[in-house]
Each structure stands twice: as structure tokens, then as C-alpha cells.
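Below you'll find the structure, written out as C-alpha cells, and then a few comments.
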Amino acid sequence: MVWQCVKMAFKAIVANRMRAFLTMLGIIVGVIALVVLVSLVTSAGDAVTEQVEGLGTDLIRVTITDDGGRPLQLEEVANFTLHEDIGAAAPVNQVAATARFGSERGRATVTGTTPSYAEISGVTMVAGRFLRTTDVDNNTHVAVIAERAAEALFGTTEVIGAPLSLNGRPFTVVGVVEDQESLTNLLMPGHTIYIPYTTAVRMADHLSSAVTTMIVSAADGDMNAAEAAMDEMLLERFRRNPDAFGMFNQALMAEAMDEITNMLTYLLGGVAAISLLVGGIGIMNIMLVSVTERTKEIGVRKAIGAGRWSIMFQFLIEALVICMIGCAIGVALSWGILEVASFLVGDVMDFRISLDVVGVAVAFSLFIGLVFGLYPANKAASKRPIEALRYAG
């Protein structure tokens, strides 16, 4: 019976192709709005979250804003790691410089730090070594550079032992690391180069070696516990002055981005759902017209024994078929739109159709067909055979 009703529904749709297409148009537009908008937001949210996580979501950045005449010294940074909730701590002194090798030169972001920086930031060595404690203690002029910097300045990553000039000062390359994005590198773009903290202080001509910025990791991955521990230790260090420092937990940024993405998904999904509801109204309208046009057909079927549920089921199936064809066309067009969008933005972002959203679109289309097809189907089933056969149109 179901298959027979489906065949009859397709026959009715084919007989009125243009009217059926215009009826489907509301569903098509609604599905496109739902699938494309939500997929765009989801893809963009995933891309931004990935970038945020690339900045490091398992570290805390501490900035000293008012030391009250008691500057934080390099020797004190290591003392913070004595707390059970603190894994590692490293000072960060970042300056802009001009890097030069032979005739090649370029802008560089020079980060003065200590060996713990590699552990906290997840630096991966490609060749050579990272900074050592002896480099910091002896103000050694050694440099660790990123792969892109090596390729740009030297034309190769095999640069261990090569001379490098930073703002006219000679350095020796001792290591090459994988390119890594960081929050400060985004603010100060250029070739990424790491040098000992004490050397960076002298390079910047600072009168004091006081630490104003440092990064901290948690001992067991509990960033909230690590943040609370740092807050208490810094309050004690700066005489309970909460304005003496600021802390930024980068894990909170990723959580905030997830919340924003979810909010936008629900908002745009709701707007698209309204479009589908409008399409449903169009289906109900055209089904009522179809019921009126086929009044005699209904009368004949009832006269030869068709029951109320048989008639009702026939028109309900027709409404569902229209909805599902429109949904299928909408999903196909959505896929094409997302592919074109991905092609246009290139490597910046990859827009992919979300199968979860497609499932929601299919389920909602079925719901629309059922709800808005129920009244016309009931109206058709309620017609009396005698009156239907007398109907003159």
C-alpha cells in the first residue's frame, strides 16, 4: 500500500511539475539556509578553535604590571615551580629585530627565554638543540630559529653552527625548531628566533633584568589549580596587591570560542528553521488546492471501497514526498555551495557539510511534511462520496 501511494504521489507531482517545483522551493531554500549556515559556522568555529589551540591552551601567561619597586628577578621564576600545582615556568622577553645572514635580511621576533620554554610551549626540535641553562647563565650569543626563518635567511634548514646577525650583534645558530604560532608571535609577526633571556635583556638595552612576562604550565594538567596557585604566590610576592599582575589562561579562550560557535549555530539554525516552516505553509496551501482539484477522484475511490485512512494516507504520503524531494535537492545544492566557498577561500578555511546538520534537515523536513500535510489529508479523507461525485469543479 505504501509503495502504491508513493507511485501515485510521484504521478501527481509529474503531472504538475512546475507547481510541484514551486511548492518545493520553500523547502529547498529552507534546507539550504539550515545546512549551509550551520555548516559555515561550524567549519569557521572549528578553524578558529584550532588556531586558538595552536596558541597553547595548556599554559598561563603572567604579566607584571606594577612591581611596586620590587621587580621580579630571573632567579625567582624557578621558585614558582616548587609548588605542587606548577609544572614549569619560563620568562619571556620579546623584542623586534632585524635578522641578517650575508645579503639576506628580514624582520624577526626575537624571544628571550630559558630552557623551560620548550617544555611549556611544546617546541619540537628539527635539528640541533634548544637553549641550555649555561647559555642563560653566561649570556651566550646563541640562537634557535624556526624552519621558515631558516629557509628565508639561509635557504636551508641545515644551519647548525651558521653565523647570524640580530640588530648587528653576532649570534651562532645552535638549533632549528618547527614553526609554531603563539599569541605574542601573532602580535609581533616576523621570523621566529629564540635566544637566552639574559642576552635578550642586554640586546634590548634594558637597565634591569626584571621579569615582566612569563609563561607557566600546570603540573598535572589542571590549569585552574595552577592559576589559583600562581595567583596566591604572586599576591604574597607583591604584598597582596591584586593590581600588580595579570594572568591569562589561554584554555579559557578555546572554551569561549566553543560557546560562541554553539550560540551562533543555534541562532542561525533557528532562523533557517523558520524558512522551513514557511515552506511547510506553502506545501499545505498547494495540497489543499490539490484536494479540491481531485475531489471527484476521491469520490470515485470512496465509492469503490477505499476507506478513510487509505485516502488520508495517500495525500499525506504525497506531502511527505514533496518535502523529501525538496530536502534532497536542498542538501545537494548545499554541498555544491560549500564546495564553491571552500574553493574561493583556498587554504584559509575548509568548509565541509555537517552530516549531523543534514540529519536534522531531513528529520525537520519529515516533520514539516507530516504536520502541514495532515490537515489537507484529513480534509480529503472527510469528504462524503456522494458530495465528492457531484462536485463540478
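Everything numeric in this text was worked out from a predicted model, so none of it was measured.
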- CZ (R202) and CG (N139) are apart, to the nearest 0.5 Å, by 4.0 Å

- Task: Let me see the working for L288 and Y375 under side-chain contact (heavy atoms from CB on, under 4.5 Å), right down to the final yes or no.
- Result: CA-CA 8 Å; L288 287 172; Y375 176 71; 3.7 Å; yes

- To the nearest 0.5 Å, what is the distance between CG (L166) and CZ (F171)? 5.0 Å

- At what distance, to the nearest 0.5 angstrom, does CZ of R100 lie from CD of E104? 10.0 Å

- Query: Does the side chain of E227 reach to within under 4.5 Å of the side chain of D85, using non-hydrogen atoms?
  - Reply: no

- Query: How many angstroms lie between atom OG1 of T23 and atom CE of M284, to the nearest 0.5 angstrom?
  - Reply: 12.5 Å

- Message: Taking CZ in R105 as the centre, count heavy atoms belonging to other residues, nucleotides or ligands within less than 6.0 Å. Is the count above 12?
- Response: no

- Nearest atoms (heavy-atom pairs only) where F130 meets A118: CD2-CB, 3.7 Å

- Query: Considering all heavy atoms of both residues, which atom of L316 and which atom of A377 are nearest to each other, and what is their separation?
  - Reply: N-CB, 3.8 Å

- Sorted by chain and residue number, the side chain to side chain contact (heavy atoms under 4.5 Å, CB included) partners of T156 (sequence neighbours excluded) come out as F154, E158, V159

- Please tell me if the side chains of F80 and M214 come closer than 4.5 Å, counting only heavy atoms from C-beta onward. yes

- Would you kindly confirm whether V360 and Y266 end up in one hydrophobic cluster when ILVMFWY residues are joined by side chain heavy atoms under 4.5 Å apart? no

- Message: H141 vs T172, test: side-chain contact (heavy atoms from CB on, under 4.5 Å). Steps then yes/no.
- Response: CA-CA 6 Å; H141 279 57; T172 301; over 6 Å; no

- What's the shortest heavy-atom distance between A143 and L164, and which atoms? CB-CD2, 4.4 Å

- Approximate separation, where rounding is to 0.5 Å, of T113 OG1 and Q94 CD: 10.0 Å

- Message: Take a 6.0 Å sphere around CE of M247 and say whether it holds more than 12 heavy atoms from other residues, nucleotides or ligands.
- Response: yes

- Looking at A97 and V110, what are the two nearest heavy atoms and their distance? CB-CG2, 3.7 Å

- Message: Strictly distance-based, threshold 3.5 Å: is any side-chain N or O of D220 a donor or acceptor partner for the main-chain N or O of D222?
- Response: yes

- Query: Taking side chain as C-beta onward, heavy atoms only, is I86 less than 4.5 Å from M233?
  - Reply: yes

- Could you give me the CA-CA distance, side-chain angles and deciding distance for L74 and V136, then say whether side-chain contact (heavy atoms from CB on, under 4.5 Å) is met? CA-CA 10 Å; L74 178 61; V136 179; 3.9 Å; yes

- Task: Scan I368, V362, I322 and name whichever one has a side-chain contact (heavy atoms from CB on, under 4.5 Å) with C327.
- Result: V362

- Does the side-chain contact (heavy atoms from CB on, under 4.5 Å) test come out yes or no for D67 and L72, once each step is laid out? CA-CA 7 Å; D67 57 28; L72 185 68; over 6 Å; no

- Query: Within a strict 4.5 Å, meaning less than it, do heavy atoms of the V142 and L131 side chains meet?
  - Reply: yes

- Message: Test your reading of the model: is there a side-chain donor-acceptor pair from S217 to the backbone of A88, 3.5 Å cut-off?
- Response: yes

- Student check: side-chain heavy atoms of F245 and D231 closer than 4.5 Å: yes

- Query: Does one hydrophobic cluster hold both L34 and I281, with members joined at side-chain heavy-atom distances below 4.5 Å?
  - Reply: yes

- Query: Does T63 use its side chain to pair, donor to acceptor, with the backbone of G246 at less than 3.5 Å?
  - Reply: no

- Residues in salt bridge (Lys or Arg N to Asp or Glu O under 4.0 Å) with E76, at least two apart? R237

- CE (M287) and CG (N285) are apart, to the nearest 0.5 Å, by 11.0 Å

- T65 side-chain N/O to D243 backbone N/O, donor-acceptor pair under 3.5 Å: yes

- State plainly whether one hydrophobic cluster holds both F367 and I317, where clusters connect Ile, Leu, Val, Met, Phe, Trp and Tyr through side-chain heavy atoms under 4.5 angstrom apart. yes

- Task: Indicate the atoms forming the closest heavy-atom contact of V31 with A361, along with that distance.
- Result: CG1-CB, 4.3 Å

- For residues L277 and F372, determine if any side-chain heavy atom of one lies less than 4.5 Å from a side-chain heavy atom of the other. yes

- Query: Hey, are the side chains of L153 and I145 touching, using non-hydrogen atoms and a 4.5 Å cut-off?
  - Reply: no

- More than 12 heavy atoms from other groups under 6.0 Å of CZ on R129: yes

- Message: To check you understand the geometry: which heavy-atom pair defines the closest contact between G112 and A200, and what is its length?
- Response: CA-CB, 3.5 Å

- Item | I195 reachable from I160 in the ILVMFWY side-chain graph, under 4.5 Å edges | yes

- Report whether L366 and I274 are members of the same hydrophobic cluster (ILVMFWY, side-chain heavy atoms less than 4.5 Å apart, transitive linking). no

- Item | Contact check, side chains of V201 and N93, non-hydrogen atoms, under 4.5 Å | yes

